[in-house]
Protein chains: 2
Amino acid sequence: MEARRDVFQAIADPTRRAIIGMIAEQPVNVNTIAEQFDVSRQAISLHLKILMECGLLNIKQQGRERLCEARLDKLNEVHEWVQQYHQLWTSRLKSLKGFLEQEALQAPHPKKSKK
Amino acid sequence: MEARRDVFQAIADPTRRAIIGMIAEQPVNVNTIAEQFDVSRQAISLHLKILMECGLLNIKQQGRERLCEARLDKLNEVHEWVQQYHQLWTSRLKSLKGFLEQEALQAPHPKKSKK
DNA sequence: TATATGCGCAAGTATTTGCTTGCGCAAATT
DNA sequence: AATTTGCGCAAGCAAATACTTGCGCATATA
């Protein structure tokens, strides 16, 4: 059911994340990718299909070989989703830090008596 | 099988992403969350369990109510993974832009003759 | 031309996922 | 004390997922 295919689901699988890692810098053909994994070549082919279907890669035919070319810009969807929370958790961290530092400045510190 | 539970799988489901959105700013109790969705309360309870198991939220008991408190810092795992590619695709875009601009400067532009 | 290689199609299988329903326990309310 | 509310446990079901195996087509090589 193609309606369920989205980027978040595509990257949920560790094998597909590893594939993205392989093709991020330059296109790689299918069999070369498949050789790096312990599962069958067909299993990798199916993963590539999923990544292609949600736009994370293009497949370019060169003779009998198919080159998989990453479309990393499609990860922007995940990047933006995470970014909104990243700002939330980092600003909260800063608020907490500022609060604790203010507490530290205000709290009286009894002098340690010398022995 | 809990071994498969990770943050990427947790956020793969749109319902769980929506739940995270609901609790991001302040803790919310389980039934209040469940009321916002069309599925059964128990289905939401199961989603909350998944989010709790991978560390995306804590559950705090207050009497008979359970408050779900987001742990957004756990999304750092996704943030970092996406960030490495974000830098790649934005720097590639800049390289392409620079290249095209250079091409534009060098290309001779024939003057348009006046009629 | 014959053989080898690249790789998707299709079918089948086991596992996982997302959901519903019924039940039961603890806490709050009446 | 009785009832209501909050909510997890467990079982069951349908759909989705991840994988394997066998086959066949197109292209490259010998």
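Protein chains get the first letters and strands the later ones, always in sequence-line order, with residue 1 at the start of each. Note that the coordinates shown come from a computational prediction; the quantities given were computed from them, not determined experimentally.
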Atom [atom1] of [X] and atom [atom2] of [N]: how far apart are they, to the nearest Å?
| X | N | atom1 | atom2 | answer |
| --- | --- | --- | --- | --- |
| Asn31(A) | dA4(C) | CG | P | 16 Å |
| Leu48(A) | dG6(C) | CG | P | 15 Å |
| Ile44(A) | dG6(C) | CD1 | P | 16 Å |
| Phe8(B) | dT17(D) | CZ | C1' | 19 Å |
| Ile33(B) | dG6(D) | CD1 | C1' | 13 Å |
| Lys49(A) | dG6(C) | NZ | C1' | 18 Å |
| Asp13(B) | dA16(D) | CG | P | 13 Å |

Hey, is the side chain of His47(B) poking within less than 4.0 Å of OP1 or OP2 on dT17(C), counting only N and O atoms?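 Result: no.
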Under 4.0 Å: is that the gap between some side-chain N or O of Arg16(B) and OP1 or OP2 of dG18(C)? yes
Looking only at non-hydrogen atoms, find the nearest pair between Cys68(A) and Leu57(A) and report the distance. CB-CD2, 4.3 Å
[Y] backbone acceptor or donor facing [X] side chain under 3.5 Å:
| X | Y | answer |
| --- | --- | --- |
| Arg71(B) | Gly55(B) | no |
| Gln61(A) | Gly63(A) | yes |
| Arg16(B) | Ala10(B) | yes |
| Thr32(B) | Val28(B) | no |

For side chain to side chain donor-acceptor pair (under 3.5 Å), just list the numbers for Glu35(B) and Asn31(B), CA-CA rounded to whole Å, side-chain angles, deciding distance to a tenth of an Å, and then say yes or no. CA-CA 6 Å; Glu35(B) 283 161 10; Asn31(B) 269 9; 5.6 Å; no
Quick one: on DNA chain D, does Asn29(B) or Ile50(A) contact a more 5' nucleotide (nearest heavy atom)?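 Whichever sits nearer the 5' end wins; that is Asn29(B).
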Parallel, tilted or perpendicular: rings of Phe8(B) and Trp81(B) (30°, 60°): perpendicular
Would you please classify the geometry between the His79(B) ring and the Trp89(A) ring as parallel, tilted or perpendicular, with 30° and 60° separating the classes? perpendicular
Side chain to side chain contact (heavy atoms under 4.5 Å, CB included) filter on Arg64(B), not counting sequence neighbours, yields none
Measure all distances between protein nitrogen or oxygen atoms and nitrogen or oxygen atoms of nucleotides 26-30 of chain C, and list the pairs falling under 3.5 Å.
| residue | atom | partner | partner atom | Å |
| --- | --- | --- | --- | --- |
| dA27(C) | O3' | Arg64(B) | N | 3.3 |
| dA27(C) | N3 | Arg64(B) | NH1 | 3.4 |
| dA28(C) | O4' | Arg64(B) | NE | 3.3 |
| dA28(C) | O4' | Arg64(B) | NH1 | 3.0 |

Please produce a list of atom pairs where a protein N or O lies less than 3.5 Å from an N or O of nucleotides 20-22 of chain D.
| residue | atom | partner | partner atom | Å |
| --- | --- | --- | --- | --- |
| dT20(D) | OP2 | Ser40(A) | N | 2.4 |
| dT20(D) | OP2 | Ser40(A) | OG | 2.6 |

